[in-house]
Amino acid sequence: MQDWRDNVRRVTPYTPGEQPAGLHVVKLNTNENPYPPAPEVEEALCMAAGEAGMLRRYPDPEARELTSALAAFYELPADRIFVGVGSDDVLAMSFLTFFNGDKPLLFPDITYSFYEVWAGLFHIPFEKIPLDEQFRLRKEDYFRENGGIIFPNPNAPTGIGESLENIEEILRRNPGSVVIVDEAYVDFGAKSAVELTDRYDNLLVVQTFSKSRSLAGVRIGFAVGQPELIGALKNVKYSFNSYTMSRLAIKAGTAALKNRAYFEKTVEKVQATRAQAAAKLREFGFVFEDSQANFLFVTHPVWRAQKLYEDLRQENIYVRYFRQPRIDNYLRITIGTDEEMAKLYDFLAGYKG
Ligand code: PMP
């Protein structure tokens, strides 16, 4: 007897961070921006509310308004940009589009855990390359046969940035593979590889509006690459779902790009709080590398990470704990406002472990 269960696609899904409902939560667990989006976003959404009748029409499948705004912001032609529903969508489409060989896709052992989930979902062979003892990527490990390469810069959850020289060398050694640099957190202090897309036809750089542009709730991500890569991505996307970017998302994203000064000021505020948090947490005895992202990845010689995570949670302070090899005594703490961080320091000042 045939059993439909034999034909179900079995996957182990990605576990997103908790999204607690209460208002009195100090939410330092999913790397959102603690500041609101640029005021232009609210204006654009209010205007859109006045034109709700337009919602009966499908959005522009190419999201040209948003793509052109991105093209202007990054001084690139529009045919070098692809947009999607958060960078998760852009990354998933990229896995589906570019990683179809028999050789393994390479990514670090400690990295964004969604990579392994997409590899599983799309039946892509992969190999996890261990970071060194200091959680740094060794570029030489990527100088070998592979079916593609992906890593975040700065890496997540470590927050450690990679130099453009190292990235360029990985590109130069892998002209036959698509190399994806996931720049979800790049605006907080690492150097973007977007400029390298002028010279490398195998490079795809992926960014998001969820972090530095405070729009995690709208879901916008994008990729930059040469027109051939972007065209291939579009073909796969249009074979899947043409209308992924809603009219409201296109409006909000376009508006967010209008105010460069606000964007820069917000990033600077997060960086200043990060520097202060690093000093404070080191005073409490935490040990960690400097971060180029909007979070710190910390461990403590005495306090066990899992217990501290649970004790913080009891007090409505949410941070991220990963029960995974090599990092199960670490916590990832998103940089919040100064007031939110002060609540964390107050808790730690009275903590006995
Ligand atoms: N890449 C990395 C490294 C991330 O940490 C995240 C956030 N979870 C994403 C991509 C996806 O972010 P989004 O889909 O909100 O753009």
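As the structure lists them, so they are numbered: ligands from 1, and atoms in each ligand from 1.
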Without hydrogens or angle criteria, can the side chains of N202 and N174 be said to hold a donor-acceptor pair below 3.5 Å?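 No donor-acceptor contact under 3.5 Å links the two side chains.
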Which residue and atom name correspond to the protein heavy atom nearest [atom], and how close is it?
atom: atom 14 (O) of ligand 1; value: R219 NH2, 2.7 Å
atom: atom 8 (N) of ligand 1; value: Y112 OH, 3.2 Å
atom: atom 3 (C) of ligand 1; value: D182 OD2, 3.4 Å
atom: atom 12 (O) of ligand 1; value: S87 OG, 3.3 Å
atom: atom 7 (C) of ligand 1; value: K211 NZ, 3.3 Å
atom: atom 15 (O) of ligand 1; value: S210 OG, 2.6 Å
atom: atom 11 (C) of ligand 1; value: D88 OD1, 3.1 Å
atom: atom 5 (O) of ligand 1; value: Y185 OH, 2.6 Å

Between the candidates T208, V85, T30, which shows the shortest non-hydrogen contact distance to atom 16 (O) of ligand 1?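 When every heavy atom of T208, V85, T30 is considered, T208 comes closest to atom 16 (O) of ligand 1.
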Are [X] and [Y] an aromatic pair by the rule of ring centers under 6.0 Å?
X: F122; Y: F99; value: no
X: Y14; Y: Y112; value: yes
X: F288; Y: F295; value: no
X: F286; Y: W303; value: yes
X: F107; Y: F151; value: no

I'd like to know if E65 and K251 make a salt bridge, using a cut-off of under 4.0 Å between side-chain N and carboxylate O.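 K251 and E65: salt-bridged.
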Looking at D109 and R326, is there a salt bridge between them, counting it only when a charged N and a carboxylate O are closer than 4.0 Å?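 The answer is yes: the pair qualifies as a salt bridge.
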So for ligand 1, is Y115 a polar contact partner (N or O within less than 3.5 Å, distance only)?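 No: no nitrogen or oxygen of Y115 is under 3.5 Å from one in ligand 1.
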Taking only heavy atoms of G86, which atoms of ligand 1 are found under 4.0 Å from at least one of them?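 This gives 14 (O), 16 (O) as the contact atoms.
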